[in-house]
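Inspection log for the structure reproduced underneath, given as structure tokens.
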Amino acid sequence: QRQLVESGGGSVQAGGSLRLSCLAQRFSASSACMGWFRQAPGKEREEVAHISAETSTVYTFIDDSVKGRFTISRDNAKNTVYLQMNSLKPEDTARYYCAARFTWCGTGKWTISDFRDWGQGTQVTVSS
């Protein structure tokens with residue numbers, strides 16, 4: 001059974017940085033479209049970033065709300081996808097989830113129904 005295990009969340013002050021990790025278990029992260037979503041209290045879960053499977057062209061998506069501050073990357077040797085979050089703002093406070101899909105990834109924004117496998121999430125809290 002495929003599993004995704006997130007880590008790296010925590011509490012930081014505005015302007016700080018965190019790096020979230022998503023370890024893929026029982027499948028290769030390089031073979032999937034790997035995404036990061038977040039859900040703030042009272043809000044819907046929305047996609048923040050994704051990185052496509054390791055093919056001749058790797059596509060990435062970064063949501064406009066975090067563009068220039070967040071980056072997504074993958075370490076195939078560690079079977080892990082990362083979300084580097086810099087210049088954090090209080091509005092970035094949310095639970096962050098890693099997700100995987102095994103079809104086309106592209107560069108557009110996906111919704112939660114487009115991803116099949118999910119981790120349990122990791123909490124990020126940014127104080128002002």
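The chain is numbered in sequence order, starting from 1.
- Hydrophobic clustering, with ILVMFWY side chains joined whenever heavy atoms are under 4.5 angstrom apart, keeps V5 apart from M34.
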Next item on the list: Dump the intermediate steps for salt bridge (Lys or Arg N to Asp or Glu O under 4.0 Å) on R101 and D117, then the final yes or no.
Entry: CA-CA 7 Å; R101 61 181 266 129; D117 298 276; over 6 Å; no

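- In this structure, SG on C33 lies 9.0 Å from CD1 on I51, to the nearest 0.5 angstrom.
- No donor-acceptor distance shorter than 3.5 angstrom exists from the side chain of N76 to the backbone of S28, with no hydrogens or angles considered.
- Residues A29 and A24 approach most closely at CB-CB, 3.9 Å, considering heavy atoms.
- Between the CD1 atom of I62 and the OG1 atom of T71 there is a distance of 6.5 Å, given to the nearest 0.5 Å.
- No side-chain heavy atom of R38 sits under 4.5 Å from any side-chain heavy atom of V124.
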Next item on the list: Begin from the C-alpha positions of E44 and Q39 and carry the test side chain to side chain contact (heavy atoms under 4.5 Å, CB included) through to its verdict.
Entry: CA-CA 6 Å; E44 294 186 351; Q39 186 167 19; 5.6 Å; no

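- Without hydrogens or angle criteria, E6 side chain to Q120 main chain gives a donor-acceptor distance under 3.5 Å.
- Between V48 and F61, the shortest heavy-atom distance links the atoms O-CE2, 3.9 Å.
- The CD atom of E47 sits 8.0 Å away from the CG atom of D63 when rounded to the nearest 0.5 Å.
- Judged by distance alone, the side chain of H50 and the main-chain N or O of K109 form no donor-acceptor pair under 3.5 Å.
- At least one side-chain heavy atom of F27 sits under 4.5 Å from a side-chain heavy atom of L4.
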Note to self: With side chain to side chain contact (heavy atoms under 4.5 Å, CB included) as the criterion, how do Q84 and S73 come out once you've worked through the C-alpha distance, each side chain's angles and the decisive distance to 0.1 Å?
What the structure shows: CA-CA 8 Å; Q84 178 67 45; S73 63; over 6 Å; no

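- With rounding to the nearest 0.5 Å, the separation of OG in S21 from CG in L83 is 9.5 Å.
- Considering every non-hydrogen atom in both A32 and F102, the closest pair reads CB-CE2, 3.5 Å.
- With a 4.5 Å cut-off on side-chain heavy atoms, T60 and T107 do not count as touching.
- Here the side chain of T93 pairs a donor or acceptor atom with the backbone of V126 at under 3.5 angstrom.
- No side-chain donor-acceptor contact under 3.5 Å links E54 to the backbone of V58.
- Put simply, CZ on R26 and CG on N79 are 12.0 Å apart, with the number rounded to the nearest 0.5 Å.
- Between the CG atom of L23 and the CD atom of Q3 there is a distance of 9.5 Å, given to the nearest 0.5 Å.
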Next item on the list: Determine, stepwise, if the pair K89 / D92 fulfils salt bridge (Lys or Arg N to Asp or Glu O under 4.0 Å).
Entry: CA-CA 5 Å; K89 304 176 180 180; D92 295 318; over 6 Å; no

Next item on the list: May I have the step-by-step check of side chain to side chain contact (heavy atoms under 4.5 Å, CB included) for Y96 and Q123, ending in yes or no?
Entry: CA-CA 6 Å; Y96 285 71; Q123 179 67 34; over 6 Å; no

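- Within the structure, side-chain hydrogen bond (donor to acceptor under 3.5 Å, both in side chains) pairs that include any residue of residues 9-19 comprise S17-N86 (at least two apart or interchain).
- Here the side chains of I72 and Y82 are not in contact, with every heavy-atom distance at 4.5 Å or above.
- The hydrophobic cluster containing W104, built from Ile/Leu/Val/Met/Phe/Trp/Tyr side-chain heavy atoms closer than 4.5 Å, also comprises F37, Y59, Y97, W110, I112, F115, W118.
- When the shell of 6.0 Å around NZ of K78 is examined, it contains 12 or fewer heavy atoms from other residues, nucleotides or ligands.
- Residues W36 and V81 have side chains in contact (heavy-atom distance under 4.5 Å, counting atoms from C-beta outward).
- Counting only N and O atoms by type, the side chains of R2 and Q25 include no donor and acceptor under 3.5 Å apart.
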